[in-house]
Amino acid sequence: MKQLSSGLAAHLAGGVTTLCRCWRLARKDGAVMGFTDHDRDLVFDGVTYQAATGFAASAIEDQLGLAVSNLDVDGALSSAAITEADIHTGRYDDAEVTVFLVNWADPAQRVILRKGYLGQIERGELAFKAELRGLASRLDQVAGRVFQRTCPWELGDARCGVDLNSPEHHGAGTVAQVFDAFDFTATGLDSFATGVFSRGKLTWMSGANAGLPVEVKAHAAAGSVARISLFLPVPEPIEVGDTFTITAGCDKSFETCRDRFGNVLNFGGFPHIPGNDFVLSYPTQGSDNDGERLG
């Protein structure tokens, strides 16, 4: 049940209301934006809720129990607010959204209708449609340890402990030749062996994609240049002369952790766990069933 302030409760009971909805959107990179379906901008809690954004929302659907409640938000693509490029590059992925019911004549009278996170975003030529997932959606995520041969840690995180800022795991390059939106060659990485940056992260420092982090699929050294292949194409064309930083990658195997990083003590997998064939094996007639260790 929503707890209303005495002022808002009295306003709702008065018969004639001056109500609107506001959306506060907080991205993972720290940017905070506000939108409203009112015809004028509103300001509260240090956030300006813009009116000229073309935002509209569907009816809020609540589910019983722990079922996920959803809400769709439609909006126009505007260079002053939400751009197609920002959506394409994932800047709004899993952004936190708070929906308010506000008395626009007195914004201090407001109540939170819904909090959640942006889910699937569909883009059209001039507009977008975003799914707002309720807080219960977090319960759908897998939690806890998984017993597997490979390491579950992210390279460089606190559990892994590898310092990705060290010179042997971090480099900077300049694009020398572009093949397509996935592949290019670069200079500045000639001191690194083939594969060091495979499955690593590349962050563009200049050019049309400046500030965008992307995942590296493969890295191959070829003399004074290195060929870089990305998992996904970048939204803007890569140009010769674009600069970037790049950090080492890991295939999560015990051998890579041992040989490349010398980090066996922090390896989070279980490289000696029995495989499916061993688990499902059974004694057979004629075999040497003497109780000794198999294999």
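What you are looking at is a predicted structure, and each value in this text was computed from that prediction instead of being measured.
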Looking only at heavy atoms, what is the nearest atom pair of Cys22 and Thr36, with distance?
SG-OG1, 3.5 Å
In the hydrophobic cluster built from side-chain contacts under 4.5 Å, what are the other members alongside Val264?
Phe254, Phe267
Sequence neighbours excluded, which residues qualify as side chain to side chain contact (heavy atoms under 4.5 Å, CB included) partners of Ala105?
Thr18, Asn103
With hydrophobic residues grouped by side-chain heavy-atom distances under 4.5 Å, do Leu230 and Leu189 end up in a single group?
yes
Give me each pair satisfying ring pair (Phe, Tyr, Trp, His ring centres under 6.0 Å) with a member in residues 209-242, each pair once, sequence neighbours excluded.
Phe197-His219
Output for pair (Phe179 CZ, Ile238 CD1), nearest 0.5 Å, gives 11.0 Å
Taking only residues two or more places apart in sequence, or in another chain, which ones meet Asp180 in a salt bridge (charged side-chain N to carboxylate O under 4.0 Å, His left out)?
none
How far does CG of Leu202 sit from CZ of Phe184, to the nearest 0.5 angstrom?
5.0 Å
Just wondering, are more than 12 heavy atoms of other shown residues or ligands nearer than 6.0 Å to CZ in Arg159?
yes
My understanding is that only one of Leu4, Leu19, Asp45 makes a side chain to side chain contact (heavy atoms under 4.5 Å, CB included) with Arg110; could you say which?
Asp45
To the nearest 0.5 angstrom, please state how far the CD1 atom of Ile246 sits from the CE atom of Met205.
13.0 Å
Any side-chain heavy-atom pair from Val97 and Leu118 closer than 4.5 angstrom?
yes
Asp37 side, atom CG; Cys20 side, atom SG - distance, nearest 0.5 Å:
5.5 Å
Which atom pairs, one a donor and one an acceptor, fall under 3.5 Å between side chains of residues 161-175 and the rest of the protein, sequence neighbours left out?
from: Asp163; atom 1: OD1; to: Asn165; atom 2: N; distance (Å): 3.0
from: Ser166; atom 1: OG; to: Asp163; atom 2: O; distance (Å): 2.8

For Arg149, all residues meeting salt bridge (charged side-chain N to carboxylate O under 4.0 Å, His left out), sequence neighbours excluded:
none
Connected to Val225, directly or through other members, by ILVMFWY side-chain contacts below 4.5 Å are none
Applying salt bridge (charged side-chain N to carboxylate O under 4.0 Å, His left out) to Asp29 and not counting sequence neighbours gives Arg27
With a 4.5 Å cut-off on side-chain heavy atoms, are Thr185 and Arg227 touching?
yes
Among residues two or more places apart or on two chains, list those pairs meeting side-chain hydrogen bond (donor to acceptor under 3.5 Å, both in side chains) that have a residue in residues 198-216.
Ser206-Thr243
Answer whether the closest heavy-atom distance between the side chains of Phe182 and Ser229 falls below 4.5 Å.
no
Hydrophobic cluster of Phe270, others only, ordered by chain and residue number, side-chain cut-off 4.5 Å
Phe147, Ile273
Between Ala193 and Ala221, the two heavy atoms sitting closest are C-CB, 4.4 Å
Is Val196 reachable from Phe261 through a run of I, L, V, M, F, W or Y residues, each pair having side-chain heavy atoms under 4.5 Å apart?
no
When rounded to the nearest 0.5 Å, the distance separating CG of Asp93 from NZ of Lys28 is 10.0 Å
Specify the closest pair of heavy atoms between Pro152 and Gly269, including all atoms of both residues, with the distance to one decimal.
CD-N, 3.9 Å
What distance do Asp190 atom CG and Ser224 atom OG have between them, rounded to the nearest 0.5 Å?
7.0 Å
In short, side-chain hydrogen bond (donor to acceptor under 3.5 Å, both in side chains) pairs touching residues 246-262 with sequence neighbours left out are Asp251-Ser253, Asp251-Thr256, Ser253-Thr256
Under a side-chain separation threshold of 4.5 Å, the hydrophobic residues clustered together with Ile112 are Val32, Leu42, Phe44, Val47, Tyr49, Phe100, Val102, Trp104
How far apart are the closest heavy atoms of Leu25 and Ala95, and which atoms are they?
CD2-CB, 4.0 Å
Apply side chain to side chain contact (heavy atoms under 4.5 Å, CB included) to the pair His11 and Thr17, showing each step before the final yes or no.
CA-CA 6 Å; His11 178 70; Thr17 60; 3.6 Å; yes
